[in-house]
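Working notes, structure below.
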Amino acid sequence: MAFDIAGTTLNSRFFLGTAGYPSPHILRQAIQAAGADVVTVSLKRQLAQGTGRPVENASGQGFLDIIRASGAHLLPNTAGCYTADEAVTLAQMTREVFDTHWIKLEVIGDSYTLQPDPVELVPAAARLVKLGFEVFPYCTDDLVTCLRLLDVGCRILMPWGAPIGSGQGLVNPYALRTLRERIPDVPLVVDAGIGSPKDATEAMEMGFDAVLLNSAVSKAHNPSLMAEAFRLAIQAGRKAHEAGIIAKQDLAVPTTPVTGRPFILA
């Protein structure tokens with residue numbers, strides 16, 4: 001299952017968000033059950049108002065302590081930004097606070113669907129690449145936008161499966177398959193909208209490199225058990241892709257030869 005992304009070898013294709021968990025203890029359990037090598041965090045959520053440092057939980061343990069103890073790579077994001085200027089400023093802050101040049105770039109164009117704004121996203125990505133960031137752009141499944149992001153220097157793409165937190169799964173499989181076919185050599189991570197493990201399996205069977213999700217785990221009745229279910233589903237989907245899935249047929253195809261013998265003899 002190991003693969004390379006942004007010059008880093010990862011042993012898991014499961015990227016996990018860290019928002020909305022009932023407690024820090026349950027978050028730790030979920031990260032462990034997921035076996036995630038990458039976790040995401042929003043600086044806007046984690047900065048204590050007026051303190052300029054990550055929020056601590058009731059026991060006094062800092063959020064970063066939870067992440068560092070997991071051994072996962074931190075992928076900060078610019079959630080809540082609506083302009084390129086705002087996203088670039090926040091990204092520069094995250095580099096100082098979290099000591100990483102990785103950034104999940106989010107520039108939202110619609111507050112209802114939280115759909116990424118390509119007009120602001122592409123120039124923001126271009127500026128961040130020039131500033132030395134490894135940009136993981138959260139985008140729609142639009143092929144042209146994805147190609148423009150590659151043109152400005154992005155080496156990873158994170159197209160959505162559905163609107164963030166909607167749990168709708170992969171609403172446009174055709175567009176996602178097209179992205180994989182047209183961009184075969186770039187790491188593609190399906191991000192947002194995943195509802196159940198079967199959605200993650202479907203994405204991996206298409207040949208996507210990884211899956212990022214948050215709400216499907218954090219809002220589950222048992223987050224750690226759901227994280228384990230997603231871990232197994234992602235592994236199964238990847239193995240199925242590598243094994244080669246048979247083509248669908250309109251007509252029945254007999255599994256036993258018409259000779260009545262189970263094997264063809266020379």
Side-chain angles (χ1 to χ4, degrees), residues 5-8 10 12 14-28 30-32 34 36-108 114 116-117 120-121 123-139 149 152-158 164-165 189 191-192 210 212-215 217-218:
I5 193 167
T8 301
L10 301 176
S12 170
F14 187 0
F15 294 12
L16 185 64
T18 57
Y21 287 83
S23 71
H25 175 66
I26 292 176
L27 170 60
R28 283 195 298 270
I31 294 173
Q32 182 178 9
D37 274 353
V38 175
V39 296
T40 66
V41 59
S42 169
L43 181 62
K44 283 192 172 184
R45 280 196 301 264
Q46 295 307 321
L47 287 182
Q49 185 174 2
T51 66
R53 58 188 174 83
V55 174
E56 294 182 346
N57 62 40
S59 67
Q61 183 183 26
F63 176 82
L64 283 181
D65 294 334
I66 297 174
I67 304 303
R68 290 185 178 119
S70 73
H73 296 273
L74 188 64
L75 178 60
N77 64 51
T78 60
C81 292
Y82 285 81
T83 68
D85 287 342
E86 186 181 6
V88 170
T89 298
L90 187 60
Q92 291 174 306
M93 293 174 62
T94 66
R95 183 157 59 182
E96 296 298 321
V97 172
F98 297 120
D99 190 28
T100 178
H101 70 292
W102 284 15
I103 188 72
K104 179 189 171 189
L105 177 60
E106 297 186 30
V107 187
I108 301 304
L114 300 181
D117 182 350
E120 295 289 318
L121 182 67
R127 291 166 61 183
L128 290 173
V129 168
K130 290 180 180 179
L131 289 170
F133 285 89
E134 190 70 63
V135 180
F136 294 64
Y138 167 60
C139 53
L149 288 166
V152 300
C154 293
R155 301 194 297 170
I156 304 111
L157 297 172
M158 304 185 77
I164 293 173
V189 181
D191 177 14
L212 192 158
L213 59 94
N214 187 163
S215 300
V217 169
S218 67

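Just so it is clear, the model here is predicted, and its values are computed rather than measured. Residues take their numbers from the sequence shown, with the count starting at 1.
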All side-chain hydrogen bond (donor to acceptor under 3.5 Å, both in side chains) counterparts of Ser218, not counting sequence neighbours: Asn214
With Gln32 via side-chain contact (heavy atoms from CB on, under 4.5 Å) - residues at least two apart: none
Going by heavy atoms in the side chains, are [X] and [Y] under 4.5 Å from each other?
X: Thr18; Y: Ile67; answer: yes
X: Val97; Y: Leu43; answer: yes
X: Leu131; Y: Val129; answer: no
X: Leu90; Y: Val88; answer: no
X: His101; Y: Leu128; answer: no
X: Phe136; Y: Asn77; answer: no
X: Ile5; Y: Phe15; answer: yes
X: Leu121; Y: Tyr138; answer: no

Minimum-distance pair of heavy atoms, taken over all atoms of [X] and [Y]:
X: Ala6; Y: Ile156; result: CB-CD1, 4.0 Å
X: Pro76; Y: Thr94; result: CB-CB, 3.9 Å
X: Glu106; Y: Cys81; result: O-CB, 3.7 Å
X: Phe14; Y: Ala36; result: O-CB, 3.3 Å
X: Ala79; Y: Ser42; result: CB-OG, 4.1 Å
X: Thr40; Y: Gly17; result: OG1-CA, 3.2 Å

Given the rule in the side chain to side chain contact (heavy atoms under 4.5 Å, CB included) test, do Met158 and Leu212 qualify, once you have shown the distances and angles that lead to the verdict? CA-CA 9 Å; Met158 304 185 77; Leu212 192 158; 3.3 Å; yes
Going through the checks in order, is the side chain to side chain contact (heavy atoms under 4.5 Å, CB included) test met by Val39 and Leu74? CA-CA 5 Å; Val39 296; Leu74 188 64; 4.2 Å; yes
Could you list all the ring-ring contact (aromatic ring centres under 6.0 Å, His included) pairs where at least one residue sits in residues 72-94, not counting sequence neighbours? His73-Trp102
Pair Arg28 + Asp65: basic N to acidic O under 4.0 Å: no
[X] side chain to [Y] main-chain N or O, any donor-acceptor pair under 3.5 Å?
X: Thr78; Y: Leu105; result: no
X: Glu120; Y: Thr83; result: no
X: Ser70; Y: Ile31; result: no

Show the numbers, then the answer: is there a side chain to side chain contact (heavy atoms under 4.5 Å, CB included) between Thr100 and Glu134? CA-CA 9 Å; Thr100 178; Glu134 190 70 63; over 6 Å; no
Distance col, row Phe133:CZ vs Cys154:SG, nearest 0.5 angstrom, shows 12.5 Å
